[in-house]
Amino acid sequence: QVQLVESGGGYVQAGGSLRLSCAASGNIRSIDIMGWYRQAPGEQRDLVATVTTRGRTTYADSVKGRFTVSADDAKNTVTLQMTDLKPEDTGVYYCKAIRVTTTNFRRWLELWGQGTLVTVSS
């Protein structure tokens, strides 16, 4: 059984910083890709950033230069360091694991966390 749990959301003024963490737990052998998505009120859930186990990262244009995603493979965690936050960054941030392999080699194509709310005030 594999579970993703996000933490670190909260309230911050524009220009401030927050660090989100996602911890994957369970009988995990490997996770190929972990990413962050966000869903603003009334909007679609969109990609924010991804990181592979080899360290390759991608970012949405709207967060480039402000957000940094990183993974700790040993701990099966992914972190999203957010700086210079803007009101448009407000939303529920979800952690996603892509191609999860368990120790008994069961494979999930994708798993989602429950989300953590980030609110950026102007």
Output for pair (Tyr93 OH, Glu6 CD), nearest 0.5 Å, gives 12.5 Å
Side chain Thr119, main chain Thr90, donor-acceptor under 3.5 Å | no
_I'd like to know if Tyr59 and Val120 are part of one continuous hydrophobic network [Ile/Leu/Val/Met/Phe/Trp/Tyr, side-chain heavy atoms within less than 4.5 Å]._
yes
According to a hydrophobic-cluster definition based on side-chain heavy atoms being under 4.5 Å apart (Ile, Leu, Val, Met, Phe, Trp, Tyr only), do Ile98 and Val5 belong together? no
One should read off an interatomic distance between Leu47 CG and Trp36 CH2, to the nearest 0.5 angstrom, of 12.5 Å
**Prompt:** Does any N or O in the side chain of Asn27 come within less than 3.5 Å of the main-chain N or O of Gln1, such that one atom is a donor and the other an acceptor?
**Reply:** yes
Value for CG (Leu85) from CZ (Phe67), rounded to nearest 0.5 Å, stands at 5.0 Å
Heavy atoms of Ala24 and Ile31 approach each other most closely as CB-CD1, 3.8 Å
Partner of Thr101 under side-chain hydrogen bond (donor to acceptor under 3.5 Å, both in side chains), picked from Arg29, Arg106, Arg107, is Arg107
With hydrophobic residues grouped by side-chain heavy-atom distances under 4.5 Å, do Leu117 and Leu80 end up in a single group? no
Taken to the nearest 0.5 Å, the spacing of Asn76 CG from Ser30 OG works out to 8.5 Å
Value for NZ (Lys96) from CE (Met34), rounded to nearest 0.5 Å, stands at 12.0 Å
message = Evaluate Thr77 against Ser21 for side chain to side chain contact (heavy atoms under 4.5 Å, CB included), listing each step before the verdict.
response = CA-CA 7 Å; Thr77 61; Ser21 295; 6.0 Å; no
So that I can tick it off, tell me whether Asp89 and Lys86 are bridged by a salt bridge, with the cut-off set at under 4.0 angstrom between side-chain N and carboxylate O. no
task: Look only at the side chain of Thr83 and the backbone of Arg66, and say whether a donor-acceptor pair between them is shorter than 3.5 Å.
output: yes
* Any link between Val51 and Leu4 through a network of hydrophobic side chains (Ile, Leu, Val, Met, Phe, Trp, Tyr) touching at under 4.5 Å? -> yes
- Message: Checking side-chain polar atoms at under 3.5 Å, does Thr58 have a donor or acceptor matched by the opposite partner on Thr50?
- Response: yes
Do Arg38 and Val63 have side-chain heavy atoms sitting under 4.5 Å apart?
yes
Exactly one of Ile33, Thr53, Leu111 clears side chain to side chain contact (heavy atoms under 4.5 Å, CB included) with Arg99, and that residue is Ile33
Looking only at heavy atoms, the pair that brings Ala97 and Val100 closest together is CB-CG2, 3.5 Å
When rounded to the nearest 0.5 Å, the distance separating OG1 of Thr68 from CE of Met82 is 11.0 Å
With clusters defined by side-chain heavy atoms of hydrophobic residues (ILVMFWY) lying less than 4.5 Å apart, directly or transitively, does Leu20 cluster with Val92?
no
